[in-house]
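Some notes on the structure that comes next.
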2 protein chains.
Amino acid sequence: MKKDLDQEQAAYIIDVCASANLRTVSGSLTQLYNHLLKPTGLKITQYYMLGNIYTSPDISISKLGEIMLLDQTTVTRNLNILNDSGYVQIKRAEQDSRTKVVTITELGYEKLNDATPIWIRVQEEIEGSIGKAEYMGLLEKLDALQNVIDNFKSSST
Amino acid sequence: MKKDLDQEQAAYIIDVCASANLRTVSGSLTQLYNHLLKPTGLKITQYYMLGNIYTSPDISISKLGEIMLLDQTTVTRNLNILNDSGYVQIKRAEQDSRTKVVTITELGYEKLNDATPIWIRVQEEIEGSIGKAEYMGLLEKLDALQNVIDNFKSSST
DNA sequence: ACTGTATGTATGTATATACATGTATTGGTA
DNA sequence: TACCAATACATGTATATACATACATACAGT
């Protein structure tokens with residue numbers, strides 16, 4: 001005898017679902033950043049990717065995917081957009097011509113600098129409003145959740 | 001004299017960025033769910049939307065967007081996919097022919113029931129691993145963050 | 001040197017998402 | 001009543017994302 005989902009149970013699921021809660025907040029914050037970043041022409045995802053490239057010069061596409069936890073194909077496509085805007089340079093590695101290495105351009109670096117004050121403003125608003133310690137606690141919890149997810153993924157291999 | 005971003009500062013930003021941290025965890029969890037849900041043919045976003053529709057029968061497209069914190073155009077497009085699969089029914093409201101109301105179909109309800117055990121399994125793994133109380137704390141922090149974001153948005157109007 | 005496998009990247013396809021804008025319908029007001 | 005503003009939805013366009021798969025190059029073993 002199968003017990004089917006009633007509306008109350010469904011409402012509970014909607015309410016506590018980790019995926020939905022994360023996606024919703026993440027989406028709202030992305031929207032806020034993109035709105036404020038509009039004058040710079042960057043999106044927050046692009047800002048973040050540029051920051052990673054600046055921090056790890058001559059990184060390969062795959063490595064970039066690994067540190068950003070993105071699929072390689074996603075990195076390829078997002079990089080193409082940055083490349084078309086002239087924010088990054090992509091060239092084949094000399095030792096291994098399969099590999100491509102990415103570097104930020106002068107223009108890309110300028111964009112990064114343009115956008116950073118906006119990033120700081122939002123981040124300070126967040127840390128100021130919910131409290132620095134609380135915010136760090138949130139990051140820790142997110143980290144713990146990430147570990148649970150990673151373990152779950154590797155256990156179901 | 002302008003102070004430009006150095007790599008160490010960029011690394012810090014990458015590390016603590018609220019948007020990036022949320023997006024990354026959210027993405028990983030979405031991937032895990034979608035992988036496990038594959039046999040059902042549903043994605044976690046679709047499961048979540050179906051759940052909302054089941055919980056609020058005859059809801060309008062706009063209202064659905066409001067409760068899910070999604071743009072109306074996003075709802076329209078996601079609903080079309082569910083509609084093509086036969087999981088929802090969309091018809092014009094009788095009082096106001098601008099409005100469309102959405103209802104879950106029998107088939108959609110079956111899908112919802114197929115997917116729920118998988119949702120439960122992941123959710124229990126999460127709550128079990130990081131602890132129920134810790135998890136509730138995480139939801140509270142996410143809620144607090146959502147409020148900060150909402151306030152920021154309305155203040156910049 | 002040849003061959004098969006592993007590795008790095010790209011492409012086809014599909015979903016998720018938002019913004020700007022267009023279209024249709026409703027409802028209030030002169 | 002005729003018109004205008006507000007409301008509800010759809011469409012064009014762009015980005016973000018992943019999976020399945022193809023392609024190209026490197027490398028190891030014979």
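Sequence lines set the chain letters: A, B, ... in the order given, protein chains first and strands last, and positions in each chain run from 1. Computation of the quantities below employed the complete heavy-atom set of this structure, encompassing side-chain atoms and omitting hydrogens, waters and symmetry-equivalent molecules. This structure is a prediction, so every number in the text was calculated from the model and none was measured.
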For [X], all residues meeting side-chain hydrogen bond (donor to acceptor under 3.5 Å, both in side chains), sequence neighbours excluded:
| X | value |
| --- | --- |
| B:Tyr135 | B:Gln123 |
| B:Lys141 | A:Glu134 |
| B:Arg77 | none |

Checklist entry - For the helix from C:dA1-D:dT30 to C:dA30-D:dT1, what angle lies between the axis at the first five pairs and the axis at the last five pairs, to 10 degrees? => result 10°
Distance, rounded to the nearest Å, where [X] contributes [atom1] and [N] contributes [atom2]:
| X | N | atom1 | atom2 | value |
| --- | --- | --- | --- | --- |
| A:Leu37 | D:dA16 | CG | P | 12 Å |
| B:Asn34 | D:dA20 | CG | P | 12 Å |
| B:Leu64 | D:dC9 | CG | P | 10 Å |
| A:Glu66 | D:dA18 | CD | P | 14 Å |
| A:Leu50 | D:dA16 | CG | P | 11 Å |
| B:Glu94 | D:dA8 | CD | C1' | 17 Å |
| A:Leu69 | D:dA18 | CG | C1' | 14 Å |
| B:Ile59 | D:dC9 | CD1 | P | 10 Å |

Checklist entry - Does one hydrophobic cluster hold both B:Leu5 and A:Val88, with members joined at side-chain heavy-atom distances below 4.5 Å? => result yes
Find the distance between [atom1] ([X]) and [atom2] ([Y]) and round it off to the nearest 0.5 Å.
| X | Y | atom1 | atom2 | result |
| --- | --- | --- | --- | --- |
| A:Thr55 | B:Gln9 | OG1 | CD | 10.5 Å |
| B:Leu69 | B:Thr74 | CG | OG1 | 11.5 Å |
| B:Tyr33 | B:Ile118 | OH | CD1 | 10.0 Å |

Checklist outcome for this item: Expected string for nucleotides 5-15 of chain C under the B/S/- scheme (protein heavy atoms, under 4.0 Å, primed atoms plus P, OP1, OP2 as sugar-phosphate) is -BBSBBBBB-S
Donor-acceptor pairs are to be reported for all side-chain atoms of residues 21-29 of chain B against protein atoms at under 3.5 Å, with residues two or more places apart or in another chain.
from    : atom 1 : to       : atom 2 : distance (Å)
B:Asn21 : ND2    : B:Asp15  : O      : 3.1
B:Asn21 : ND2    : B:Cys17  : O      : 2.8
B:Arg23 : NH2    : B:Ser19  : OG     : 3.4
B:Thr24 : OG1    : B:Ala20  : O      : 2.7
B:Ser28 : OG     : A:Gln146 : NE2    : 3.1
B:Ser28 : OG     : B:Thr24  : O      : 3.2

Item to check | side-chain N/O B:Thr30 vs D:dT17 OP1/OP2, d < 4.0 Å | outcome: no
Checklist entry - Below 4.0 angstrom from OP1 or OP2 of D:dA18, is there any side-chain N or O of B:Lys38? => result no
Next on the checklist: When you compare the side chains of A:Thr40 and A:Asp114, does any donor N or O come within less than 3.5 Å of an acceptor on the partner?
Outcome noted: no
